[in-house]
Amino acid sequence: MKMALAAATQRCIPKTDTKNAWGIDGLVEVRAFTRLPLVVIGGIHAGNACDVLHAGADGLATVSALCAADDPQAAAEKLRALCDEEMKAREQKNDQRRC
């Protein structure tokens with residue numbers, strides 16, 4: 001399967017050599033350039049996952065949000081639930097934010 005990967009939505013602890021974080025606006029621009037499934041990595045956590053998904057991400061790749069969590073399994077389950085809610089809303093073509 002072909003897919004696009006967008007990195008560094010914001011500066012993150014494991015990756016110290018990131019020159020410029022793209023932010024949500026940068027992600028929106030990347031989404032406009034491709035119809036391929038878009039997976040985003042870089043500073044993703046439960047507090048910004050919905051914004052990243054609403055900006056056009058089809059998937060999230062996380063490191064710190066899971067490794068730094070007191071309960072990595074619970075953190076992963078929460079992120080998965082947010083993704084599932086967004087994908088379900090897209091399938092239903094419902095513009096109302098779910099997460």
Side-chain angles (χ1 to χ4, degrees):
M1 168 196 257
K2 291 182 180 182
M3 70 176 68
L5 176 67
T9 55
Q10 63 181 332
R11 290 196 185 278
C12 51
I13 293 167
K15 192 83 171 138
T16 58
D17 62 346
T18 303
K19 294 187 187 225
N20 294 312
W22 292 7
I24 297 298
D25 292 337
L27 175 57
V28 169
E29 286 185 42
V30 171
R31 174 77 284 167
F33 282 106
T34 183
R35 294 274 189 228
L36 292 172
L38 182 61
V39 177
V40 179
I41 188 170
I44 309 290
H45 51 79
N48 65 6
C50 287
D51 292 334
V52 173
L53 292 165
H54 292 296
D58 296 302
L60 309 174
T62 61
V63 177
S64 348
L66 302 181
C67 293
D70 290 334
D71 185 345
Q73 181 175 348
E77 289 171 354
K78 179 167 183 143
L79 286 166
R80 175 61 189 258
L82 292 172
C83 287
D84 288 347
E85 288 174 19
E86 175 64 16
M87 295 306 119
K88 184 176 180 180
R90 288 181 190 182
E91 287 174 8
Q92 295 174 351
K93 295 185 180 169
N94 182 350
D95 291 335
Q96 184 178 3
R97 287 187 169 197
R98 296 261 177 146
C99 63

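When a residue number appears, it is its place in the shown sequence, counting from 1.
A donor-acceptor pair is defined here as one N or O able to donate and one able to accept, closer than 3.5 Å; no such pair exists between the side chain of D51 and the backbone of I24.
Just one of V30, L53, V52 meets the side-chain contact (heavy atoms from CB on, under 4.5 Å) condition when paired with V40; it is V52.
Applying the salt bridge (charged side-chain N to carboxylate O under 4.0 Å, His left out) test to residues at least two apart or on different chains, the pairs with a partner in residues 28-44 are R31-D58. For residues 66-78, no pair satisfies salt bridge (charged side-chain N to carboxylate O under 4.0 Å, His left out), with sequence neighbours left out.
Contacts of A65 classified as side-chain contact (heavy atoms from CB on, under 4.5 Å), with partners at least two apart in sequence or in another chain: H45, T62, L79.
With respect to R80 and D84, a salt bridge is recorded, a charged nitrogen being found less than 4.0 Å from a carboxylate O.
In this structure, the separation between NE2 on H54 and SG on C50 is 5.0 Å, given to the nearest 0.5 Å. Distance check: R90 CZ to Q92 CD gives 13.0 Å after rounding to the nearest 0.5 Å.
Nearest heavy-atom pair across L82 and A46 is CD1-O, 4.0 Å. Of all non-hydrogen atoms in A61 and I41, the two that sit nearest each other are O-CG1, 3.4 Å. In terms of heavy-atom proximity, G43 sits nearest to N48 at O-ND2, 2.9 Å.
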